[in-house]
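Accompanying notes for the structure given below.
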Amino acid sequence: MSATVKNPFQHLVEPLDPKDPTQQFYNLCKLGDSRYDRLPFSIRVLLESAVRNCDEFLVKRTDVESILNWKQTQTQTVEVPFRPARVILQDFTGVPAVVDFAAMRDAVMKLGGDPEKINPVCPADLVIDHSIQVDFNRKSDSLQKNQDLEFDRNKERFQFLKWGSKAFRNMRIIPPGSGIVHQVNLEYLARVVFNHNGYFYPDSLVGTDSHTTMIDGLGVLGWGVGGIEAEAVMLGQPISMVLPEVMGYKLHGTPDKLITSTDIVLTVTKHLRQVGVVGKFVEFFGPGVAQLSIADRATIANMCPEYGATAAFFPVDDVSIQYLRQTGREAEKLAYITKYLKTVAMFRDYSDVSQDPDFTQVSVDLDLSTVVPCCSGPKRPQDRVPVSDMKKDFETCLGAKQGFKGFQVAPEHHSTAVPFQFNGKEYTLSHGSVVIAAITSCTNTSNPSVMLGAGLLAKKAINCGLSVKPYIKTSLSPGSGVVTYYLKESGVMDYLSQLGFEVVGYGCMTCIGNSGPLPEPVVEAITQGDLVAAGILSGNRNFEGRVHPNTRANYLASPPLVIAYAIAGTVRIDFEKEPIAINSEGKEIFLRDIWPTREEIQAVERMFVIPSMFKEVYEKIEKVNERWNSLVAPSDKLYTWDPKSTYIKSPPFFDGLTMKLQPPKSIHDAYVLLNLGDSVTTDHISPAGNIARNSPAARYLTSRGLTPRDFNSYGSRRGNDAVMARGTFANIRLFNKFLNKQAPQTIHLPTGETLDVFDAAERYRQSGVPLLILAGKEYGSGSSRDWAAKGPFLLGVNAVLAESYERIHRSNLVGMGVIPLEYLPGDNADSLGLTGRERYTIIIPEQLTPRMIVNIKLDTGKTFQVRMRFDTDVELAYFRHGGILNYMVCKMSEN
């Protein structure tokens, strides 16, 4: 809120407690507007932010009216500003954000401005959780060894982040080894209600990770944005967003005693994918919500990106307050949180139907008693498979045409079996053999019910004489130290260890592709038999090539099911009809014999998940890592770039930047760099995993004197644009229609040569020709990666033409000045007869308007129209400046 411009809604300000007039809030109920009482609770958060920040410049009275009038404006593509209370980052996206901040300081100084204006103006928390990898497992010292390797590989990045925490105000770093960003956010960082500068207001945030939505489960409105958009928020800019539709999702009934929260979330994900909620808010209501713990709600909210919504909101209720108490929040905070939210009508009683707001529509009515145990896969999170159908579904996928549900294995090879030696014993692998079993990811490790459920299942399995084959790469990577604490205190950790599920680290690990190497004999057997080996993980993403290059089938499952499939050793099993294993006494053991009930789990949870654990872990979270504490970092306000560094490099985004704007220009005779299909993910565009030894990035690192063992991962090198540009479209599972096969390559059209994508782009750059990418539906789905936009920009891509975009990725393209073009309804590459071998001229007029139609002319003489997906006037302003970062540098240099 501006100190010089009087807020026109100042008359709404009053003290929360009359005895303390210094602690105030904007009482929205004093608006005296009946429309407020009918607004979805998530929209009330947007309204409060607009009222509190109204300065008639960045936020206007007309914006407040637009939000109040949501029932009419929701379908009118109305643009409103939103100023989140804070920003959260993880290190893979946080490092490039801090690199950009450092480079922006340099750029502002070159333009004659004050570089220290480049500084976060709202709280920004960065949790280091993406760097650790499963190099060691199954041993009691695996955690320490993996953490030591993490520091050895990433010392330079960590020093840079530590510099950032000193150089920039309002930036806090949570050191490595602390936990997963979203779980730390839920258990520790979340305020629920801010008490800042004499004002109470709802906690809200954006984060540089698509699963930021997990915090919606606690009643804190948040979602993922691109790193470049988050940087603008950190610099005081509101997010410019189209006022969303809000889909109501009604829950009722009680889950069966054998059902886990994972089963519920995979069911919800499939439902909402079918309904279509891309770009919309989902808000949960109905008496069934009260049956779910905050951990259950957070699990559902976490997978919001997998069903495509912007946010998945559970308004605060009594269960939320109980969770805050359980996780050690102070009684004083709980008192003002409750009083404030009730006073402004943002506190929910899910059993009171009179509180149900107006929704755009009630998209799904789910009876929780109908949910059945399930997994999702083998290649997408929305492809739910009931556990009872897993065997049949996998075998159908095996022979089906290559695609999301097909591997196109010839029928005569379905029974292929490959014997191999491991640790002196012979084993056999076949299609569907489990080679990775990982209890991982913020989605599930934040939930005591499924983690204790896994522990109790492990205990029963050991007591029945069951084990996991030693070649299966098992791992347990909790989302915070609290998880390890209650697993140990409850006595189940020993049983998990006996099955091979030792704690290997506190971070995302297998879920983001940091699964580490498989045993060489296993890889050789998979390769020899061309086997469709399986990974089973309690994660939220299972796209091709993400989990591990050698696991072509990957299934998302609850932690207890991860252990179950690890014991079985295959996904080709019907647990209802077949034993999970035969023990040493020759007795058949079925999954039902060892599966814990909800009542068993809840009894252990009540006894062992207690406030003192959370207090003890989080009181020392910023100081507990000794290696971090002893890390020496520079203290200068401007970063001194090391030209020899292969991790941190000043990016070229601001080269040649001037204060003078150039009018937009048409794109003439562009070549198509890649011709892609549907559901191209950010993993395909900008992989996070290992750097292949024969890739352009590997050749670059080798030229800098590095050996393959020092390459680390793409994710860890996001602070170096030279590596990331070469890693763009380097995923081995990228399907390019030019080649009609999966490969990180393309055809250089002028010569017809097949080249690595980077090498082809370099050829085009040297010729001075613009580039275009053709794509199908859901282009850019998956994790929110700004490098999935920065990389194509550095390859010389001027525009992307797709049937539809994932929300965050489209925003990231805009942020980098890459034009997102969209086919008109009914059109696509096939219907228009596009081969991708044409040359494209995109006519861009000087006068631009949001979502305008533009013409494309081909060198064949054909002309057709597309929509230019700059959705707001603010996005057009970014484009005119060459992107959001250039816009911010010019803005900061003006004053």
Side-chain angles (χ1 to χ4, degrees), residues 656 661-677 680 685 728-729 736-738 746-753 755 757 760-777 779-780 789 791-805 809-810 813-871 875-876 878-883:
L661 287 185
Q662 301 296 322
K665 296 178 181 177
S666 296
I667 298 169
H668 293 282
D669 291 323
Y671 278 105
V672 173
L673 178 64
L674 290 157
N675 189 1
L676 306 172
V680 172
I685 305 168
T728 303
F729 295 109
N736 182 1
K737 293 180 183 179
F738 284 155
T746 194
I747 293 176
H748 180 248
L749 295 174
T751 63
E753 289 179 80
L755 300 171
V757 175
E762 273 294 286
R763 289 267 193 97
Y764 287 121
R765 186 186 64 78
Q766 290 164 8
S767 302
V769 295
L771 294 175
L772 175 71
I773 289 171
L774 296 184
K777 300 181 184 73
Y779 181 73
F793 168 80
L794 292 176
L795 293 184
V797 173
N798 300 83
V800 177
L801 174 56
E803 290 181 61
S804 64
Y805 293 89
H809 186 63
R810 185 201 64 81
L813 290 173
V814 172
M816 288 310 299
V818 177
I819 304 172
L821 301 170
E822 193 168 272
Y823 293 104
L824 297 183
D827 286 351
N828 57 36
D830 291 338
S831 69
L832 294 170
L834 306 180
T835 66
R837 294 176 181 271
E838 310 88 351
R839 297 190 72 172
Y840 292 67
T841 294
I842 303 162
I843 309 301
I844 301 174
E846 285 196 20
Q847 296 300 314
L848 302 176
T849 57
R851 298 177 65 86
M852 73 184 298
I853 305 293
V854 297
N855 292 314
I856 293 183
K857 295 180 180 179
L858 306 181
D859 61 345
T860 61
K862 184 182 181 69
T863 300
F864 61 97
Q865 293 187 317
V866 297
R867 187 178 300 281
M868 194 156 58
R869 284 294 310 277
F870 297 120
D871 288 358
E875 289 187 345
L876 286 172
Y878 295 157
F879 174 63
R880 291 188 187 99
H881 282 81

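What you see is a predicted model; the values in this text were computed from it and never measured.
- Between Gly776 and Ala802, the shortest heavy-atom distance links the atoms O-CB, 3.5 Å.
- Rounding to the nearest 0.5 angstrom, the gap separating the CG atom in Asp830 from the NZ atom in Lys737 is 5.0 Å.
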>> For Arg837 and Ile747: C-alpha separation, side-chain torsions, deciding distance, then whether side-chain contact (heavy atoms from CB on, under 4.5 Å) applies.
In response: CA-CA 10 Å; Arg837 294 176 181 271; Ile747 293 176; 3.7 Å; yes

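- Note: His668 NE2 to Ile844 CD1 = 9.0 Å, rounded to the nearest 0.5 Å.
- Aromatic ring centres of Tyr671 and His748 lie farther apart than the 6.0 Å criterion allows.
- Considering every non-hydrogen atom in both Pro664 and Glu846, the closest pair reads CG-O, 3.8 Å.
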>> Between Asp669 and Tyr840, does the side-chain contact (heavy atoms from CB on, under 4.5 Å) criterion hold? Intermediate values first, please.
In response: CA-CA 5 Å; Asp669 291 323; Tyr840 292 67; over 6 Å; no

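- For the pair Ala789 and Leu813, the tightest heavy-atom approach, listed with the atom from each and the gap, is CB-N, 3.7 Å.
- The closest donor-acceptor contact from the side chain of Glu762 to the backbone of Ala760 lies at 3.5 Å or more, if one exists at all.
- From Phe870, atom CZ reaches atom CG of Leu821 across 8.0 Å, with rounding to the nearest 0.5 Å.
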> Does the pair Arg867 and Glu822 meet the rule for a salt bridge (charged side-chain N to carboxylate O under 4.0 Å, His left out), with working shown?
Replying inline: CA-CA 5 Å; Arg867 187 178 300 281; Glu822 193 168 272; 5.4 Å; no

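- In this structure a side-chain-to-backbone donor-acceptor pair under 3.5 Å is present from Thr746 to Leu673.
- In this structure, the side chain of Ser767 does not engage the main chain of Val769 through any donor-acceptor pair within 3.5 Å.
- Residue Pro850 comes nearest to Leu876 through the heavy atom pair N-CD1, 3.5 Å, listed as atom of the first residue, atom of the second, then distance.
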>> Between Leu824 and Phe864, does the side-chain contact (heavy atoms from CB on, under 4.5 Å) criterion hold? Intermediate values first, please.
In response: CA-CA 9 Å; Leu824 297 183; Phe864 61 97; over 6 Å; no

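- Arg880 CZ to Leu661 CG: the interatomic distance, rounded to the nearest 0.5 Å, is 8.5 Å.
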>> Apply side-chain contact (heavy atoms from CB on, under 4.5 Å) to residues Val818 and Val800 and explain how you reach the verdict.
In response: CA-CA 7 Å; Val818 177; Val800 177; 4.3 Å; yes

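- Pairs passing the salt bridge (charged side-chain N to carboxylate O under 4.0 Å, His left out) check and including a residue from residues 852-865, sequence neighbours excluded, do not occur.
- Phe729 places a side-chain heavy atom less than 4.5 Å from the side chain of Leu676.
- Residues Arg851 and Arg869 meet the side-chain proximity criterion, which asks for heavy atoms closer than 4.5 Å.
- Using a 4.5 Å heavy-atom cutoff, the side chains of Leu749 and Tyr764 are in contact.
- With contacts defined as side-chain heavy-atom distances shorter than 4.5 Å, the pair Met852/Pro845 qualifies.
- Looking at every heavy atom in both residues, Val672 comes nearest to Phe738 through O-CE1, 3.6 Å.
- The line from CD1 of Ile819 to CZ of Phe879 is 4.0 Å long, rounded to the nearest 0.5 Å.
- Atom CG of residue Leu774 and atom CD of residue Glu803 lie 10.5 Å apart, to the nearest 0.5 angstrom.
- Two residues are said to be in side-chain contact when any heavy atoms from C-beta on lie closer than 4.5 Å; Val757 and Leu674 meet this criterion.
- In terms of modelled atom types and a separation under 3.5 Å, the side chain of Asn736 and the main chain of Asn675 share a donor-acceptor contact.
- Between Leu772 and Ile842, some side-chain heavy-atom pair lies under the 4.5 Å cut-off.
- Atom CD of Gln766 has more than 12 neighbouring heavy atoms from other residues, nucleotides or ligands inside a 6.0 Å radius.
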